[in-house]
Trainee: 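I'd like to ask some things about the structure below.
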Amino acid sequence: MNVTTKEIAKETKSESKIPKYKRILLKLSGEALMGDRSFGIDPEVVQDIALQVAEIVKDGTEVAIVVGGGNIFRGINGADKGMDRATADYIGMIATVMNALTLQDAFEHLDEPIQTRVMSAIAMQEIAEPYIRRRAIRHLENNRVVIFGAGSGNPYFTTDTTAALRGAEINAEVILKATKVDGIYDSDPKKNPDAKRFQTVSFDHALIHDLRVMDATAFALCKENGIPIIVFDLGVTGNIRRVIMGESIGTYVGGSCEIN
Ligand code: UDP
């Protein structure tokens, strides 16, 4: 797993050297930091993510990250066991801050460190900046990776919705939704060997066919604001760069284009 940024660049050598996207929002679920573990954080996986992101930052793409917390705590699970839902959600939001700080540490420990700022939607001034939209944009313009922690700061929401919200606020051209599968299928590929992966799919098609790209609120925000979503497999080293360079991997959701 210990690859260098040069190796990633070699692996993903693409005809075009100019990134397709100037500013992106990367949504990392808590599970993405977990690797093969059943809980918590796998430092090697986090280092690999930091390396992949560092590569695109060096290519000139501005990167904001919304990180989830499901590897540590999900509000809904606490509520299912009798906790007050809002309290459980605040614990979930704090879990996302733990992940945000872990990511920041990984960026700063790279051989060629990348400047990052963690911005929290819940005030924690000793460890993170407060979320201020204009300041976040300024950091991005200065090529700092901005990591948004504490979700939206509101219970009853998810970090998918936060990704759509922050993506709209910072004028991200695209939301990259990193997952453990290589895109969106017409049926469950684990159950149906003939399941077909979509390369592109319109918002309307995804909605009508209940393709569950993101949760409903997040999806509605992206659709209304015309922010495309690319769902792709983060487990393949170099995939973030491939997406940024415009390679057709994963599934592109957006616009009025029809499925193929
Ligand atoms: N959460 C919240 N409001 C937000 C974002 C997150 O209350 O705006 C809480 C919620 O309890 C959620 C937890 O934080 O379960 C972790 O976020 P999420 O489940 O979206 O993480 P992921 O599934 O991406 O790891």
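Order of appearance sets the numbers: ligands from 1, and atoms from 1 within every ligand. The chain is numbered in sequence order, starting from 1.
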Trainee: Using a 4.0 Å cutoff against the non-hydrogen atoms of Arg74, which atoms of ligand 1 qualify?
Mentor: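 Per the distance check, 15 (O), 19 (O), 22 (P), 23 (O), 25 (O).
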Trainee: Would a distance-only check, ignoring hydrogens and angles, find a side-chain to backbone donor-acceptor pair under 3.5 Å from Thr251 to Gly183?
Mentor: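 No: the side chain of Thr251 does not pair with the backbone of Gly183.
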Trainee: For Thr96 and Gly69, indicate whether the former's side chain and the latter's backbone hold a donor-acceptor pair under 3.5 Å.
Mentor: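 Judged by distance alone, no pair lies under 3.5 Å.
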Trainee: Could you list which atoms of ligand 1 come closer than 4.0 Å to a heavy atom of Pro155?
Mentor: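 Contacts of ligand 1 toward Pro155, numbered from 1: 7 (O).
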Trainee: Strictly by ring-ring contact (aromatic ring centres under 6.0 Å, His included), give each pair with a member in residues 113-137 just once, sequence neighbours left out.
Mentor: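 Residue pairs passing ring-ring contact (aromatic ring centres under 6.0 Å, His included), neighbours aside: Tyr131-Phe148.
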Trainee: Looking at ligand 1, does any of its N/O atoms fall within less than 3.5 Å of an N/O of Phe157?
Mentor: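 It does: an N or O of Phe157 is found under 3.5 Å from an N or O of ligand 1.
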Trainee: Taking transitive links into account, so neighbours of neighbours count too, which hydrophobic residues share a cluster with Leu221 at under 4.5 Å side-chain distance?
Mentor: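 Members other than Leu221 - counting any ILVMFWY side chain reachable under 4.5 Å - are Leu165.
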Trainee: Hey, is ligand 1 close enough to Phe73 that some N/O pair sits below 3.5 Å?
Mentor: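 It does not: no N or O of Phe73 is found under 3.5 Å from an N or O of ligand 1.
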Trainee: What I want to know is whether Gly30 and ligand 1 share at least one N or O pair that is separated by under 3.5 angstrom.
Mentor: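 For ligand 1, there is an N or O atom that lies under 3.5 Å from one belonging to Gly30.
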Trainee: Would you indicate whether His109, at its atom NE2, is surrounded by more than 12 heavy atoms from other residues, nucleotides or ligands within a distance under 6.0 Å?
Mentor: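 It does not: His109 NE2 has 12 such atoms or fewer within range.
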Trainee: Could you list which atoms of ligand 1 come closer than 4.0 Å to a heavy atom of Lys27?
Mentor: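 The atoms of ligand 1 under 4.0 Å from a heavy atom of Lys27 are 24 (O).
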Trainee: Would you confirm whether Thr159, through its side chain, and Thr162, through its main-chain N or O, come within 3.5 Å as a donor-acceptor pair?
Mentor: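 No; judged by distance alone, with no hydrogens or angles, the pair does not exist.
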Trainee: Answer yes or no: does an N/O atom from Gly70 fall short of 3.5 Å to an N/O atom of ligand 1?
Mentor: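 So ligand 1 has an N or O lying under 3.5 Å from an N or O of Gly70.
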Trainee: At a non-hydrogen distance cut-off of under 4.0 Å, which region of Val67 contacts ligand 1 (side chain, backbone, both, or neither)?
Mentor: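 The answer is neither.
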Trainee: Give yes if a backbone or side-chain nitrogen or oxygen of Asp89 is under 3.5 Å from a nitrogen or oxygen of ligand 1, and no if not.
Mentor: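 Between Asp89 and ligand 1, an N or O pair is found under 3.5 Å apart.
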Trainee: Would you say Asn154 has any N or O atom under 3.5 Å from an N or O of ligand 1, going by distance alone?
Mentor: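 Between Asn154 and ligand 1 (N or O atoms, distance only) the closest approach is under 3.5 Å.
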Trainee: Looking at Arg138, I'd like to know if its CZ atom is crowded, meaning that more than 12 non-hydrogen atoms belonging to other residues, nucleotides or ligands lie closer than 6.0 Å.
Mentor: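 No, CZ of Arg138 has 12 or fewer neighbouring heavy atoms, counting only those of other groups under 6.0 Å.
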Trainee: Heavy-atom distances under 4.0 Å decide this one: backbone, side chain, both or neither, for Thr159 against ligand 1?
Mentor: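 Both backbone and side chain.
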